[in-house]
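One structure below.
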Amino acid sequence: MLDLRLIRSDPDAVREGLARRGDVDPGAVDALLALDAERRGATEAAETLRARQKEDARAIAAAQNAGEDAGAAIAAARELATEVKLRTAQAADADRRLLASLALLPNIPDPTAAPADEVIREVGEVPVLDFSPQDHLALAGARVDMERGARLSGSRFAYLRGDLVFLELALVQWTLRKLERHGFEPVVPPVLVREEALYGTGFLPDTEQQIYHLPADELYLAGTSEVALASLHAGEILAAATLPRRYAGFSPCFRREAGTAGRDTRGIFRVHQFDKVEMFSFVHPDESAAEHERLLAIEEEILTELRIPYRVVNIGVDDLGASAAKKYDCEAWLPGQGQYRELTSTSNTTDFQARRLNVRFREATGRPAVVHTLNGTAVAVGRTLIALTENGQRADGSVVLPEVLAAHGAPRRLEPLD
RNA sequence: GGAGGGGUGGCAGAGCGGCUGAAUGCGCCAGUCUUGAAAACUGGAGUGGGUUCACGCCCACCGCGGGUUCGAAUCCCGCCCCCUCCGCCA
């Protein structure tokens, strides 16, 4: 959610910022200003009446205590009460409409967010193979069981079996240990969340078609632990000295993938359920740009140590999503597909989520202010397994895995299955 | 799933429907005292909104949302959460 005070004090800046995104009605800011003026007028009218009502009520009490007859005063107060109720309802309604409109506006892009997707750098050696590369599904064989997954739950579900399970657990353990050294507290969060959490993170209203909903319990399956981690400090005022607060969430993630029928149907690149280690930071507003670079650096560190060739993309403003002011994707080279594909993503959501979730901080003196939040993928397990198998493959169909994971229980090689 | 109890400021804990944004204690901040500290004493201290050049003034908030009333922390209804007992359960 945008800062209403900013919209009021510098509407041109907000208009220009939002105009960079293709998805905002140019008249939205002016409509909002009109609603704001209406709300303030209605509020003042209601509060003036209310002040008089309280005054009158005190006079009635005083009269009764003095043994006087307050009948006439009460009769007058009764009429005033009706008026107060009406005006208060009008003010509340104006307030609701203002908030509803405000909640529809996406975040203002950072000036350094790219106009269109822009590759910043390519890192690592794209393997030159003297044989025709196989994709992860061929390499994994029965260890990725799509047929039975589909039989159980439908398309885009898979069983992960055998060695790959230890590979996943090693990957997760290795990542969480690394993040702990970087100052992130490991967290296993709930994945079933209330609507407020999705609203607070900006996924609602924006991506409802992507989210599993359990109407019987009014709960949603989170598509990322970002949702739960962002809500960790909802409604809190944090001491400035305790910032930044960094969390590493590990959880399954659920996505409906509605509207992607026919896309990425082979293997586990795009599935309804996958596990992910997610970084999330609450920081001082002055620090969020630096924190964003920091999260990107950690993502790159992980890819580099896993010897996955990748490139970094500064995501164009049109693809930012509602809450992000700026976003980097790391795209891994996948020999099986012969192209770079998104493996991780990190966003600076500035104060957009924090304002919705009411996460604030306070210096030793002074008023509370809204924090900035950022998120970034440390390891999306499924896609990382794809990158590891396809980049580690040998001519005989075996896969050599990164040595760093062996210490955490990962197999050093995956042997071909028949 | 069944039966009961409870949600008040950082914490603990009062609060006959009428100056109660809220007693009291602890904790916190500042000051006095002290060489310094402790103790003692004095004072201060919530969040949001509106208005004002400003001092200030006004409104809302006692889990959340409605209702009753001239007037609600206090009465009524719904929801959420926590606790105890029984049942069930990884």
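We name chains A, B, ... by the order of the sequence lines, and we start the count at 1 in each one.
Judged by a 6.0 Å distance limit and a 45° cone about the ring axis, Arg356(A) is positioned over the six-membered ring of Tyr199(A).
In this structure the side chain of Cys330(A) reaches within 4.5 angstrom of the side chain of Leu296(A), judged on heavy atoms. The shortest distance between side-chain heavy atoms of Arg39(A) and Arg97(A) does not fall below 4.5 Å. Under the 4.5 Å side-chain criterion, counting only non-hydrogen atoms from C-beta, Asp36(A) is in contact with Leu4(A).
On the P atoms, U47(B) is 15 Å away from A22(B), given to the nearest whole Å. The C1' atoms of G27(B) and G9(B) are separated by 13 Å, rounded to the nearest whole Å. Distance noted for atom P between A12(B) and G63(B): 14 Å (whole Å). Taking the C1' atom of each, G44(B) and U35(B) are spaced 28 Å apart, rounded to whole Å. Taking atom C1' on both nucleotides, A14(B) is separated from U24(B) by 7 Å, rounded to a whole Å. Here, C26(B) and A40(B) have their P atoms 8 Å apart, quoted to the whole Å. Comparing the P positions of C79(B) and G2(B) gives an interatomic distance of 13 Å, to the nearest angstrom. Comparing the C1' positions of U20(B) and C16(B) gives a spacing of 13 Å, expressed to the nearest Å.
For His136(A) and Phe269(A), the ring centers sit 6.0 Å or farther from each other.
Pairing for C75(B) goes to G67(B), judged as Watson-Crick or G-U wobble with the two contacts each under 3.5 Å. U84(B) is paired with A3(B) under the criterion used here, namely a Watson-Crick or G-U wobble arrangement in which both key atom distances are under 3.5 Å. In this entry C61(B) has G46(B) as its Watson-Crick or G-U wobble partner, both defining distances falling under 3.5 Å. Across all strands shown, C11(B) forms a Watson-Crick or G-U wobble pair, both distances under 3.5 Å, with G25(B). With a cut-off of 3.5 Å on both Watson-Crick or G-U wobble distances, the partner of G17(B) is given as none. Look at U32(B): its Watson-Crick or wobble partner, with both distances under 3.5 angstrom, is A40(B).
Within residues 74-93 of chain A, the residues that place at least one heavy atom under 4.0 Å from RNA chain B are, in residue-number order, Ile74(A), Ala77(A), Arg78(A), Ala81(A), Lys85(A). Within residues 32-45 of chain A, the residues approached by RNA chain B to less than 4.0 Å at the level of any non-hydrogen atom are Arg39(A), Arg40(A), Glu44(A), in residue-number order.
Of the options Leu139(A), Val144(A), Leu167(A), a side-chain contact (heavy atoms from CB on, under 4.5 Å) to Leu385(A) is made by Leu167(A) and by none of the others. For the side-chain hydrogen bond (donor to acceptor under 3.5 Å, both in side chains) with Lys326(A), the lone residue among Thr346(A), Asn314(A), Thr112(A), Asn348(A) that qualifies is Thr112(A). Between Val277(A) and the options Trp174(A), Phe250(A), Phe184(A), a side-chain contact (heavy atoms from CB on, under 4.5 Å) holds for only Phe250(A).
Sequence order on RNA chain B of the closest nucleotides to Arg194(A) and Gln64(A) puts Gln64(A) first from the 5' end.
In this structure Arg266(A) satisfies the side chain to side chain contact (heavy atoms under 4.5 Å, CB included) test together with Asp135(A), Leu137(A), Ala138(A), sequence neighbours excluded. Scanning for side chain to side chain contact (heavy atoms under 4.5 Å, CB included) contacts around Leu232(A) gives Tyr247(A), with sequence neighbours left out.
Within the nucleic acid shown, Arg8(A) comes within 4.0 Å of sugar-phosphate atoms alone, with no base atom in reach, counting heavy atoms only.
Each salt bridge (charged side-chain N to carboxylate O under 4.0 Å, His left out) pair with one or both residues in residues 19-35 of chain A, not counting sequence neighbours, appears once here: Arg15(A)-Asp30(A), Arg21(A)-Asp23(A).
Shown here is Arg413(A), whose CZ atom has more than 12 heavy atoms of other residues, nucleotides or ligands within 6.0 Å.
Once you apply a 4.0 Å limit to the heavy atoms of chain A, the touched nucleotides of RNA chain B run 5' to 3' over G18(B) to C81(B).
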